[in-house]
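In what follows, a structure is listed as structure tokens, so that the remarks can point back to it.
Chain letters run A, B, ... following the sequence lines, proteins first and then strands; every chain starts at 1. Only this structure's heavy atoms are used, side chains among them; waters, hydrogens and symmetry mates stay out.
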There are 2 protein chains.
Amino acid sequence: MPIHGVYDNALTPQVHEYGMSDTISTIRDDFIALMGQMVEAHGMSPISGRMLGLLIFDGEARSFSDLATELGVSRGSISANARVLVARGSIMKENRPGDRQDYFRISDQSFEIILQTLTQRMLDISSRVHELSERIPSGDADGAGARRRLDGLSNFYQAIALGVRQAQNHLNQDQ
Amino acid sequence: MPIHGVYDNALTPQVHEYGMSDTISTIRDDFIALMGQMVEAHGMSPISGRMLGLLIFDGEARSFSDLATELGVSRGSISANARVLVARGSIMKENRPGDRQDYFRISDQSFEIILQTLTQRMLDISSRVHELSERIPSGDADGAGARRRLDGLSNFYQAIALGVRQAQNHLNQDQ
DNA sequence: ATGAATGTTCAGTTCGAATTGAACGCAGAT
DNA sequence: ATCTGCGTTCAATTCGAACTGAACATTCAT
């Protein structure tokens, strides 16, 4: 059961405006819409973000159909997006005896995984750039500057990876 | 003048394969192609990334026409992408007396700016989520869990911002 | 058996961002 | 005056990702 029983579709992102009634379902809708936008920066689809938003807000597990209904999207979309979110480890699929529906809940390592993935990608880029740098023949005088700049870029990404890792530690620290 | 005078177009991303001649122009092409792919994760267009790649590799300023020719893209694309890169502060436009061409070079604060922008975006998201959390009526028992989870997300983004800022310091440290 | 509910698949559609290319304005050169 | 080279603009095009919706297989209920 969702927190307040009935929710409107969360299709329109909204800023807090004058006269808007601040019901919890309005806030929920705003949050879901916000998450839909945020994740695009991480290369995910809007629906994935809205699903995450809904599941984070509600906390508990929600059914496949509920997701389709409350987000106002096709079952096909839920199916496809749930598959990648489960694969990523962001959400978990639950099945209950005597109930054929699939249920999904936000994974408790959801954030952890995001940071882990991010760190990995940064390190990956760093090493790929470094490999290119090493392929520059060391005898080549013209290439010295290029190698220096490529190494700088490689260090750049490595530094980000370290920073993210520290964020990870920081978060684990206070649970 | 570019480092080795003449370069092929860098249209096809390449891995280091058997039998590939490791000339500096091949490495350059690979790097440009790699940058074209990398920046898409940051929401920039491929051509922007390739321009950055070319300018980072060469180090010196390159002309508007050179960019169009060497990347094999239309002048319209160079114009549009250069505009946003300059606006972002990633590259700098130079003009030389007695030469009507525009020249571009990689900005020395190029990396700095990326991190600054990233930090800003993380903090922005963090505060937007926190605002939503605060709008949840404190009397609402059902909302307590939601508020806790939203605050967790807000902290998450704040931690990333801190991590990135530390990366920034780390990089400034050794120039 | 028939029907209803559930999740998956896939062909089709939509939609927007990226890119092109032609037209344009401008500035020097001939 | 004309021409050429330069960068900008904008309408048209391309291209791919996201989403839909119908068809399908499966399972359970009647």
Side-chain angles (χ1 to χ4, degrees), chain A residues 9-13 32-33 35-54 61-88 91-105, chain B residues 9-13 32-33 35-54 61-88 91-105:
Chain A
N9 287 348
L11 295 178
T12 53
I32 291 174
M35 289 297 288
Q37 301 171 340
M38 303 290 65
V39 297
E40 298 192 67
H42 301 327
M44 301 195 212
S45 77
I47 290 191
S48 285
R50 313 234 310 275
M51 289 174 61
L52 285 179
L54 191 156
R62 305 302 312 278
S63 77
F64 187 99
S65 312
D66 282 351
L67 290 175
T69 305
E70 294 183 16
L71 296 180
V73 299
S74 71
R75 288 179 298 151
S77 289
I78 298 296
S79 175
N81 284 282
R83 178 151 23 97
V84 322
L85 287 176
V86 168
R88 283 189 149 219
I91 67 177
M92 288 165 38
K93 171 147 78 170
E94 290 182 3
N95 283 290
R96 306 174 178 178
D99 190 340
R100 282 189 297 135
Q101 278 190 98
D102 291 346
Y103 288 81
F104 299 97
R105 81 164 61 241
Chain B
N9 286 348
L11 294 179
T12 54
I32 291 174
M35 288 298 289
Q37 301 171 340
M38 304 289 64
V39 298
E40 298 192 65
H42 300 326
M44 304 167 79
S45 78
I47 291 191
S48 285
R50 293 208 275 140
M51 289 175 61
L52 285 179
L54 191 155
R62 306 301 313 278
S63 77
F64 187 98
S65 313
D66 282 351
L67 290 176
T69 305
E70 293 183 15
L71 296 180
V73 298
S74 71
R75 289 179 297 150
S77 289
I78 297 297
S79 175
N81 284 284
R83 179 150 24 98
V84 322
L85 287 176
V86 168
R88 282 189 150 217
I91 68 176
M92 287 166 39
K93 172 147 75 170
E94 289 181 2
N95 283 290
R96 305 173 179 180
D99 190 341
R100 282 189 296 131
Q101 279 189 101
D102 291 347
Y103 288 82
F104 299 97
R105 81 163 59 242

Practice prompt. For R105(B), check salt bridge (charged side-chain N to carboxylate O under 4.0 Å, His left out) against everything at least two apart and list the hits.
Written response: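 Scan of R105(B) (salt bridge (charged side-chain N to carboxylate O under 4.0 Å, His left out), adjacent residues dropped) gives E94(B).
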
Nearest-nucleotide pick for [X], side chain only, options being [options]:
| X | options | answer |
| --- | --- | --- |
| S65(A) | dT6(C), dT9(C), dT20(C) | dT6(C) |
| Q101(A) | dT8(C), dT20(D), dG7(C) | dG7(C) |
| S77(B) | dT19(C), dG7(D), dC19(D) | dT19(C) |
| R83(A) | dG7(D), dT9(C), dT20(C) | dT9(C) |

To the nearest Å, give me how far apart [atom1] ([X]) and [atom2] ([N]) are.
| X | N | atom1 | atom2 | result |
| --- | --- | --- | --- | --- |
| E94(A) | dT6(C) | CD | C1' | 17 Å |
| N81(B) | dA18(C) | CG | C1' | 8 Å |
| D66(B) | dG5(D) | CG | P | 15 Å |
| Y103(B) | dC6(D) | OH | P | 9 Å |
| E40(A) | dA18(D) | CD | P | 9 Å |
| R96(B) | dC6(D) | CZ | C1' | 15 Å |
| L67(B) | dT19(C) | CG | C1' | 16 Å |
| F64(B) | dT9(D) | CZ | C1' | 12 Å |

Return the [atom1] to [atom2] distance between [X] and [Y], rounded to the nearest 0.5 Å.
| X | Y | atom1 | atom2 | result |
| --- | --- | --- | --- | --- |
| L52(B) | M35(B) | CG | CE | 5.5 Å |
| I91(B) | R83(B) | CD1 | CZ | 11.5 Å |
| N95(A) | R100(A) | CG | CZ | 12.0 Å |

Discussion item. So I78(B), base contact, sugar-phosphate only, or nothing? Heavy-atom distance under 4.0 Å.
Written reply: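 I78(B): no heavy atom of the nucleic acid under 4.0 Å.
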
Item to complete: Report which part of the nucleic acid S45(A) touches: base, sugar-phosphate, or nothing (heavy-atom distance under 4.0 Å, all strands).
Response: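 Sugar-phosphate contact only.
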
Worksheet item: Can you list the steps and then say if E70(A) with I32(A) is a side-chain contact (heavy atoms from CB on, under 4.5 Å)?
Response: CA-CA 11 Å; E70(A) 294 183 16; I32(A) 291 174; over 6 Å; no

Between side-chain atoms of residues 39-49 of chain A and protein atoms elsewhere (two or more places apart, or another chain), which donor-acceptor pairs fall under 3.5 Å?
from	atom 1	to	atom 2	distance (Å)
S45(A)	OG	S48(A)	N	3.3
S45(A)	OG	S48(A)	OG	3.3
S45(A)	OG	N81(A)	OD1	2.6
S48(A)	OG	N81(A)	OD1	2.8

Atom pairs, protein N/O to nucleotides 22-30 of chain C N/O, distance under 3.5 Å:
none

Discussion item. Using a 3.5 Å distance criterion without hydrogens, assess whether the side chain of R50(A) forms a donor-acceptor pair with backbone atoms of L71(A).
Written reply: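 Checking the backbone N and O of L71(A) against the side chain of R50(A), a donor-acceptor pair under 3.5 Å is found.
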
